[in-house]
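Chain identifiers are assigned alphabetically (A, B, ...) following the order of the sequence lines, protein sequences preceding nucleic acid strands; residue numbering begins at 1 within each chain.
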Amino acid sequence: MSQSNQQRIWQVVSQIPKGKIASYGQVAAQAGIPQAARLVGNVLRKLPEGSKLPWHRVVNSQRKISFPIGSPAYQEQRQRLLAEGVVFNKETIAINHLAWSS
DNA sequence: ACCTTGACTAGAT
DNA sequence: AATCTAGCCAAGG
């Protein structure tokens, strides 16, 4: 009997290093369910409020936050990432060490 | 058991 | 580069 996909997803997300980000698809693949990017979002969605999981380090394949721009959730995730040194370029975000034109 | 919805994505247009 | 489309996993009606 293996753990539930949900538990494997929690496991993977908890291992994303501070200051770095991963896509829903990458998390799913790492959890052993490569076709379930969508499931990752659904799992994170129902996290308890006090959860210590770094859910904010998960963005979509376009390296963007998957919330409507300006929404409370969007702003919160953006704020948490900024606090970890993740660089933003308006709607697009990129990891520090990745080159990006100004 | 069937249909819809969602913090998604790769591929086609 | 911007849109559309079809496919995927799980939960809820």
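- At a threshold of 4.5 Å between non-hydrogen side-chain atoms, the residues A:P72 and A:F67 do not count as touching.
- Residue A:N5 has its side chain nearest to C:dA10 when only C:dA10, C:dC8, B:dG6 are considered.
- Minimum heavy-atom separation, A:S14 to A:P54: CA-CD, 3.9 Å.
- Of the possible polar contacts, none joining the A:Q30 side chain to the A:V12 backbone as a donor-acceptor pair under 3.5 Å is found.
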Practice task
Between protein and nucleotides 8-13 of chain B, map the contacts as a letter string: B base, S sugar-phosphate only, - none, heavy atoms under 4.0 Å, written 5' to 3'.
Solution key: BSS---
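- Going from atom CD of A:Q75 over to atom CG of A:L82 covers 11.0 Å, rounded to the nearest 0.5 Å.
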Determine all donor-acceptor pairs shorter than 3.5 Å in which one atom belongs to a side chain in residues 36-48 of chain A; sequence neighbours excluded.
{"from": "A:N42", "atom 1": "OD1", "to": "A:R45", "atom 2": "NH2", "distance (Å)": "3.1"}
{"from": "A:N42", "atom 1": "ND2", "to": "A:R38", "atom 2": "O", "distance (Å)": "3.0"}
{"from": "A:K46", "atom 1": "NZ", "to": "A:Q6", "atom 2": "OE1", "distance (Å)": "3.2"}

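- A:R80 pairs in a side-chain contact (heavy atoms from CB on, under 4.5 Å) with only one of the listed residues (A:E84, A:R78, A:E76, A:Q77), which is A:E76.
- Atom-to-atom distance recorded for A:W55:CH2 and A:I16:CD1 is 12.0 Å, nearest 0.5 angstrom.
- Computed from coordinates, the A:R8 CZ to C:dC9 C1' distance equals 12 Å when rounded to whole Å.
- If you take OH on A:Y24 and CG on A:N60, they are separated by 7.0 Å, rounding to the nearest 0.5 Å.
- Proximity of residues 10-18 of chain A to DNA chain B (heavy atom under 4.0 angstrom from any strand atom) is not detected for any residue.
- In this structure, A:I69 places its CD1 atom 15 Å from P of B:dA7, rounding to the nearest Å.
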